[in-house]
Protein chains: 2
Amino acid sequence: MMKKNLSKQKVIHAASTLFFQKGFHGTSVRDIAEKAKVNVSSVSYYFNGKQGLLEYAVTAYYEEYLEKVEECLKVTENQSAIERLNKLIFTIIQYKQSKLQLTCFIQRELTLDSIFVREMTVTYLAKENYYIRSTFFSALEGKKLPGDQKDYLLLQLKGMLITPYILHNEWKDRVIGEYSREVFVKKYVATIQKWLKFIVGI
Amino acid sequence: MMKKNLSKQKVIHAASTLFFQKGFHGTSVRDIAEKAKVNVSSVSYYFNGKQGLLEYAVTAYYEEYLEKVEECLKVTENQSAIERLNKLIFTIIQYKQSKLQLTCFIQRELTLDSIFVREMTVTYLAKENYYIRSTFFSALEGKKLPGDQKDYLLLQLKGMLITPYILHNEWKDRVIGEYSREVFVKKYVATIQKWLKFIVGI
DNA sequence: TCCTGTCGAGCGAAAGTAACAGGAAATCTA
DNA sequence: TAGATTTCCTGTTACTTTCGCTCGACAGGA
């Protein structure tokens, strides 16, 4: 049938926007259905309910995310640790920017304390953390830093990777208007890399 | 009366914890009442409903926050710009750490797009942003940095001020266990200040 | 005919809130 | 000081709305 998945896509798109604006619990399936201009029961039909829709969206997001990260690490296998880290940072920021609303929403939702969040943590975030951590520590190799100092620097790095998607409210004027998304990615990544150069050069 | 405001305090405390764990929309007034061991209608009685409770908590949080920030800036009036900024950073992190759950919750809720958030933005966040921005730019005085570079550095700084309260899930084991809160504040602030020293020394 | 997708109606549960009664404490009055 | 009155707080109950979800009916292409 021609219109297969047409409603499904409309639901996903509407849900992304609404979850981003009002949060998961702040959005009703009727809101979604209305915005997507489909029937209420479509959500249950396609995703097994509201929770299923959430799981579908988040899972798809992280599957693709980790795919891109792993590909980046594979391609840069033979390069220097710092070069690898630089390209990893670029890959991550670029992906997040390409799915801006979903990134902001998921980032927010992950700060909650629920069964779902814990599941996502062990399934995806553990992997993500492993990739970033090991790549970063490789780049720090040889630097003699006191014990937990590295962990604080890692926290700093991870913070830089999420900051634009937490403080998006302050930056949306800029990112949408004066700057295009690509320009933002380029400039922001450059800012991180400048910090990185300082850190590994200690 | 002896037990005056006793229930009120219990409600605030319970709400802080639950909002932190499950979010504002994810928490019902019955949840709060049950945890606080008070009657359901107490929330309406003391705070004019659930929304009023939110407004009360957030307002009280930011009033005290800005008070501490302004006091810090006043005390350090005659010191160097970098010294001022260092102490401002310490003040901010210390306050946030002292109200950990509320900080995490408010930080999360502010990423939503609602009338309430916009009100808080113009009332408090604009001030906060002004203080941090002007202090930071004073410290950068004389450095010749291309146009928007300073804004990206400011974004980086502001990110560092919120990161621990976004990624608290990854750090709670550490902050609660091995390290006490004071140690975390000291060490994390030191990490930011090291970055700062690099930036202003460019 | 079956299968897939769409639609509206409606169910039970839970949400937020209002209404009211009871009672303890505080204040007033004689 | 004793009694009366007011004020403040708590508990019960019930109301209205909205929630997520299911169901049966219906349409059209395979």
Side-chain angles (χ1 to χ4, degrees), chain A residues 1-60 105 108-109 112-117 119, chain B residues 1-60 105 108-109 112-117 119:
Chain A
M1 189 188 268
M2 280 297 281
K3 42 186 172 169
K4 191 189 177 186
N5 287 341
L6 211 149
S7 290
K8 194 175 179 179
Q9 292 305 319
K10 284 199 287 185
V11 167
I12 292 177
H13 186 258
S16 295
T17 303
L18 288 173
F19 286 166
F20 163 69
Q21 287 174 348
K22 316 203 291 174
F24 179 71
H25 288 293
T27 305
S28 69
V29 294
R30 284 178 173 85
D31 287 339
I32 299 171
E34 191 182 354
K35 189 173 184 69
K37 283 169 186 160
V38 300
N39 192 273
V40 229
S41 42
S42 297
V43 176
S44 279
Y45 182 77
Y46 284 109
F47 303 99
N48 267 312
K50 192 187 173 188
Q51 183 69 26
L53 172 57
L54 173 67
E55 288 171 18
Y56 179 90
V58 175
T59 300
F105 161 64
R108 180 204 303 139
E109 218 69 19
L112 292 172
D113 181 22
S114 66
I115 298 170
F116 174 67
V117 168
E119 282 177 2
Chain B
M1 190 191 276
M2 280 298 281
K3 44 183 174 172
K4 192 187 177 188
N5 288 339
L6 211 148
S7 290
K8 194 174 179 180
Q9 293 305 319
K10 284 200 287 184
V11 167
I12 292 176
H13 186 259
S16 295
T17 304
L18 288 173
F19 286 166
F20 163 69
Q21 287 174 348
K22 316 204 289 174
F24 179 70
H25 287 293
T27 305
S28 71
V29 293
R30 286 177 173 84
D31 287 340
I32 298 171
E34 191 182 356
K35 190 175 184 69
K37 282 169 186 159
V38 300
N39 196 271
V40 225
S41 43
S42 297
V43 175
S44 280
Y45 180 76
Y46 284 109
F47 304 99
N48 267 313
K50 192 185 173 190
Q51 183 69 25
L53 172 56
L54 174 68
E55 287 171 18
Y56 179 90
V58 175
T59 300
F105 161 64
R108 179 205 302 139
E109 219 67 18
L112 291 173
D113 181 22
S114 65
I115 298 171
F116 174 66
V117 169
E119 281 177 3

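We use all heavy atoms of the structure for the numbers below, so side chains are in, but hydrogens, waters and symmetry mates are not. Being a predicted model, the structure only gives us computed values, none of them experimental. Reminder, nothing fancy here: chain letters follow the sequence lines and each chain counts from 1.
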Among pairs that include at least one residue of residues 12-36 of chain B, which meet salt bridge (Lys or Arg N to Asp or Glu O under 4.0 Å), considering only residues two or more places apart or in two chains? B/K22-B/D31

Starting at OH of A/Y45 and ending at C1' of C/dG8, how long is that distance when rounded to a whole Å? 17 Å

Any residue meeting side-chain contact (heavy atoms from CB on, under 4.5 Å) with B/A57, in chain and number order, not counting sequence neighbours: none

From OH of B/Y46 over to P of D/dG11, roughly how many Å is that when rounded to an integer? 10 Å

Using a cut-off of strictly less than 4.0 Å between a heavy atom of the residue and any atom of DNA chain C, enumerate the qualifying residues of residues 13-38 of chain B by number. B/T27, B/S28, B/V29, B/R30

All N/O contacts under 3.5 Å from nucleotides 22-25 of chain D to the protein, with atom names and distances to one decimal?
none

Atom-to-atom span, NZ of A/K50 to P of D/dC21 - whole angstrom: 8 Å

Write down the distance between CD (A/Q51) and P (D/dC21), rounded to a whole number of angstrom. 9 Å

Whole angstroms only, please: what is the CG-C1' distance between A/L6 and C/dT6? 13 Å

Who pairs with A/Q9 by side-chain contact (heavy atoms from CB on, under 4.5 Å), at least two apart in sequence or on another chain? A/I12

Taken in chain and number order and not counting sequence neighbours, the residues that satisfy ring-ring contact (aromatic ring centres under 6.0 Å, His included) with A/F105 are A/F19

Could you tell me whether a side-chain N or O of B/K50 sits under 3.5 Å from a main-chain N or O of B/F24, the two making a donor and an acceptor? yes

Residues passing the side-chain hydrogen bond (donor to acceptor under 3.5 Å, both in side chains) test with A/S41, sequence neighbours excluded, are A/N39

Results of ring-ring contact (aromatic ring centres under 6.0 Å, His included) for B/Y45 - residues two or more places apart only: none

Contacts of B/T27 meeting side-chain hydrogen bond (donor to acceptor under 3.5 Å, both in side chains) (sequence neighbours excluded), chain-then-number -> none

Between P of D/dC21 and CG of A/L53, the distance in whole Å: 10 Å

